[in-house]
Amino acid sequence: MTDIATEKATAAASGAAATEQFRSKQKSSQTAVDTQRVDILVTELLTAAHDIIRRHKVTYAEYDALKSWLIRVGEDGEWPLFLDVWAEHVVEEVANENREGTKGTIEGPYYVPDAPALSAEATLPMRKDEAGTPLLFQGQVRAVDGSPLPAAKVEIWQADDEGYYSQFAPNLPEWNLRGTVIADETGHFKIHTIQPAPYQIPTDGACGQLIAAAGWHPWRPAHLHLKASAPGHQLITTQLYFRGGDYVDDDIATAVKPELILDPKPTGHGDDHEVTYDFVLDKA
Ligand code: MBD
Ligand code: FE
């Protein structure tokens, strides 16, 4: 019998949930990749791998270590985590290179669509005793020309004060620290939440094994995940970080940009902090 209250977070459980989440997203938006593109991209990827093998004289022991590790990535459901940590940032860089508005960054494996709708000033769903420094995150959604965007939407999801995401770690309410905020008629929003903790890549799965084997650290800096959108404008997926926080200069996922670092100030009420950040959306 599993004791729900003491269930521990595991790489395999979190990986299975992320894999499931990705599959359900794919079902609704599957587009075939062009044959010529597959040919070019896979051929170049394999040729790059062949070059590395020759240049470094890769041994059978190393080849077999890679094979076992790749098998384990699948077993642990960690393909979404692996790809989003070590590859997505370059896909995002290419996808958003021509944008003028707010900088994007990676989505990562823990977005869940259709979080509860909240009004323009709202507190994210959280536990009565939710730990963490209270944070008021407020701002406005505007167009590149400065005009306010009515009917803008700000989706937000984040880890808790222990670095865990609801729906990907045990013992958390389903929509904890997730919401879809509908801004007011001038694009303004005020979101009451808590400051998240840094995120540690699970150490008990394939990605953790790689990190240990290579002598890296397993951390992402504390971050808020966001998707901002408005009618007639391009949705932007981004993250915001905290100035001076651990790993801001050394993110395992290479997803920090200087424009995305917040500097919340104490409000003077207890430990509360607040920060203003405005989103700027490119035309669709
Ligand atoms: C995260 O929280 C995250 O945002 C990314 C991109 C990868 C792993 C964990
Ligand atoms: Fe994250």
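Of the possible polar contacts, none joining the Ser119 side chain to the Ala122 backbone as a donor-acceptor pair under 3.5 Å is found.
Between the side chains of Lys227 and Thr237, at least one donor N or O sits under 3.5 Å from an acceptor N or O. Under 3.5 Å, the side chains of His188 and Thr186 contain a donor-acceptor pair of N or O atoms. No hydrogens or angles considered: a donor-acceptor pair under 3.5 Å links the side chains of His192 and Glu121. For Arg220 and Tyr241, the side-chain atoms include at least one donor-acceptor pair closer than 3.5 Å. No hydrogens or angles considered: a donor-acceptor pair under 3.5 Å links the side chains of Gln158 and Thr193.
Using a 4.0 Å cut-off between charged nitrogen and carboxylate oxygen, Glu92 and Lys257 count as a salt-bridge pair. Using a 4.0 Å cut-off between a side-chain N of Lys or Arg and a carboxylate O of Asp or Glu, Arg72 and Asp76 qualify as a salt bridge. Between Glu130 and Arg127 there is a salt bridge, since a side-chain N of the basic residue sits under 4.0 Å from a carboxylate O of the acidic one. Between Lys25 and Glu107 a salt bridge is recorded (basic side-chain N to carboxylate O distance below 4.0 Å). Arg37 has no carboxylate O lying under 4.0 Å from a charged side-chain N of Asp39, or vice versa, which leaves the two without a salt bridge.
Ring-plane geometry between Trp69 and Trp79 is classed as perpendicular, the angle between the planes exceeding 60 degrees on a 0 to 90 degree scale with a lower cut at 30. Using the six-membered ring where Trp is involved, Phe137 and Tyr277 have ring planes that are parallel, under 30° apart on the 30 and 60° scheme.
Using a 4.5 Å cut-off on side-chain heavy atoms (C-beta onward), Leu124 and Trp175 make no contact. For the pair Phe22 and Pro109, the minimum side-chain heavy-atom distance is 4.5 Å or more. With contacts defined as side-chain heavy-atom distances shorter than 4.5 Å, the pair Ile191/Phe189 qualifies. Residues Phe82 and Leu210 are in side-chain contact: their nearest non-hydrogen atoms beyond the backbone lie under 4.5 Å apart. Side-chain contact check for Val85 versus Ile201: some heavy-atom pair is nearer than 4.5 Å.
Within the model, atoms OG1 of Thr102 and CD of Gln234 stand 11.5 Å from one another, a figure rounded to the nearest 0.5 Å. Atom NE2 of His269 sits about 8.5 Å away from atom CD of Glu274, to the nearest 0.5 Å. One distance of note links CG of Leu118 with CD1 of Ile156; it measures 10.0 Å at 0.5 Å rounding. With rounding to the nearest 0.5 angstrom, the OH atom of Tyr111 is 6.5 Å from the CH2 atom of Trp157. Atoms OG1 and CD, on Thr276 and Gln138 in that order, are 4.0 Å from each other to the nearest 0.5 Å. In this structure, the separation between CD on Gln239 and NZ on Lys103 is 15.5 Å, given to the nearest 0.5 Å.
Nearest approach of Asp282 to Asn98, heavy atoms of both residues: OD2-O, 4.3 Å. Here the closest heavy-atom approach between residue Ile252 and residue His217 is recorded as CD1-O, 3.3 Å.
Sequence neighbours left out, not one pair with a member in residues 185-213 passes salt bridge (Lys or Arg N to Asp or Glu O under 4.0 Å).
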Going through the distances and angles, do Asp51 and Ile53 end up as a side chain to side chain contact (heavy atoms under 4.5 Å, CB included)? CA-CA 5 Å; Asp51 288 347; Ile53 294 166; over 6 Å; no
